[in-house]
Amino acid sequence: MLLHLTRDHPPPGIGGLSTAIGGLARAFEETGRPCAVVSFDAWRPSRRDPNATTPEWIEGPWREHLLRLTDVGQLEAARDVAASLEPAPNAVVIHDPLFWEWGEELARSWDAKTVAFVHVLHAAMNRLREVDRPTLSLEAQLVALKRADRVLAPSRAAADLLLVDHPEVVDKLGVALLGVHDSAEARAVVESETRATSTTVLHVGRFGDVKGTDLLGEVARRVLAAREDVVFEVAGGLPESGKRERRWWRRLLEAFPEDQRDRFRFLGWLDEEELRATHARAACFLAPSRIETLGLALTEARLLGTPVVTTDIPAFTQQVEHEVTGLIGSTGSPDGLAELVFATLDDRDAAMRRARAAAERVRRDHDWSRLVAVHESLGRLG
């Protein structure tokens with residue numbers, strides 16, 4: 001039995017982490033492997049919910065053991081509930097370093113191993129942002145990396161970047177790719193008839209500087225100025241922080257001429273069915289990130305056959321082969337990325353050849369049904 005300690009487990013899912021662990025738990029269930037999840041939803045270090053009750057194991061979306069927390073005051077009771085889990089986990093996989101102390105204590109109660117799964121490269125992000133002071137998240141990650149029995153990264157690119165700042169973890173570092181679920185519905189989207197005549201450019205992701213949200217705006221301004229038939233649709237945002245989300249969106253819109261703003265549209269966070277429908281009407285998917293450990297939104301876009309334009313960061317270049325499964329441009333060149341969007345819109349046959357090749361590679365490399373055994377083996381320290 002593996003116990004995963006995470007946040008915002010589906011439903012609802014509000015980002016790559018929740019989507020990834022939701023998919024992993026589903027894959028464990030579908031293949032008959034024991035799995036349990038403790039999820040602190042809408043986590044805040046000082047959150048107090050006067051209506052919070054004693055947590056109980058509940059039936060999750062895919063019938064795995066699921067323990068949901070919404071308040072820091074539930075932690076003590078949750079520790080007792082989790083400790084009664086049968087069979088006792090032999091490893092606790094901690095997906096957010098801010099939960100490390102609590103997860104490590106749980107692991108000790110079972111004499112289980114601890115696994116730190118690195119979804120965010122805090123040292124690398126701080127360097128990119130030119131932040132030279134310690135942050136709470138980085139300090140927590142340093143503790144997790146030091147004390148974990150095993151460290152896992154979601155891609156080879158993430159593992160390589162992690163070793164730049166933390167070479168001491170090399171002997172306990174492994175790569176466990178994150179996956180997507182193939183389906184008849186996903187395969188139908190690849191051949192969407194709507195896409196053939198669409199002029200919609202899609203972006204999916206959280207808002208943030210490292211996610212390239214400002215770069216997204218710069219590329220969109222160039223494309224919308226040159227092509228009156230193009231529409232940008234943006235799904236995602238910051239659903240746990242409405243104030244910051246509105247500030248990002250206001251800043252993006254204010255940079256557009258007034259007559260272009262109605263062609264730059266915010267969709268908010270979408271569920272799985274809504275996201276498939278959005279991809280079905282998209283002619284191009286733009287991934288403008290400056291750093292990623294994998295980029296699950298890009299992986300999903302490739303599975304659904306949406307032609308992709310990405311930046312040249314390692315996590316993306318390990319997924320996308322330029323002019324074979326997508327088009328790759330520089331994070332420092334919004335003009336260059338805009339030209340790649342134009343190329344995608346103007347040569348639909350070539351774009352769809354790349355997209356179909358990308359979908360096949362995702363099914364080969366990122367199908368959860370193939371990856372789940374690797375996660376179980378690495379999580380168990382096997």
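Between Arg147 and Trp100, the closest side-chain pair of non-hydrogen atoms falls below 4.5 Å. In this structure the side chain of Arg361 reaches within 4.5 angstrom of the side chain of Glu321, judged on heavy atoms. Between His9 and Ser18, every side-chain heavy-atom pair lies at or beyond the 4.5 Å cut-off. A heavy-atom distance below 4.5 Å is found between the side chains of Phe285 and Val204. No side-chain heavy atom of Phe40 sits less than 4.5 Å from a side-chain heavy atom of Gln74.
Taking a cutoff of 4.0 Å between a charged side-chain nitrogen and a carboxylate oxygen, Asp209 and Arg290 do not qualify as a salt bridge. A salt bridge is defined here as a Lys NZ or Arg NE, NH1 or NH2 lying under 4.0 Å from an Asp or Glu carboxylate O, and Glu29 with Arg26 fails to meet this definition. A salt bridge links Arg33 with Glu376: at least one charged nitrogen is closer than 4.0 Å to a carboxylate oxygen. Salt bridge Glu254/Arg261: absent, no basic N to carboxylate O contact under 4.0 Å. In this structure, Asp347 does not pair ionically with Arg354, as no charged nitrogen and carboxylate oxygen lie closer than 4.0 Å.
Side-chain contact of Gln318 with Arg156: a donor-acceptor pair under 3.5 Å is absent, judged by distance alone. Side chains of Thr306 and Arg195: a donor on one and an acceptor on the other come within 3.5 Å. With no hydrogens or angles considered, no side-chain donor-acceptor pair links Glu30 and Ser369 at under 3.5 Å.
Going from atom OG1 of Thr213 over to atom CZ of Arg251 covers 9.0 Å, rounded to the nearest 0.5 Å. One finds the OG1 atom of Thr310 at 8.5 Å from the CG atom of Leu327 (value rounded to the nearest 0.5 Å). Between atom CZ of residue Arg364 and atom CZ of residue Arg370 there is a gap of 9.0 Å, rounded to the nearest 0.5 Å. A distance of 10.5 Å separates OG1 in Thr54 from CD in Glu76, rounded to the nearest 0.5 Å.
Between His181 and Trp368, the ring planes lie tilted relative to each other; the angle falls in the 30° to 60° range. Using the six-membered ring where Trp is involved, Phe207 and Trp249 have ring planes that are parallel, under 30° apart on the 30 and 60° scheme.
Between Arg348 and Ala196 the shortest heavy-atom distance is NH1-O, 3.0 Å.
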Full working for salt bridge (charged side-chain N to carboxylate O under 4.0 Å, His left out) between Arg356 and Glu191: CA-CA 9 Å; Arg356 293 187 184 101; Glu191 301 301 334; 3.0 Å; yes
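Phe232 has its ring centre no less than 6.0 Å from the ring centre of His203.
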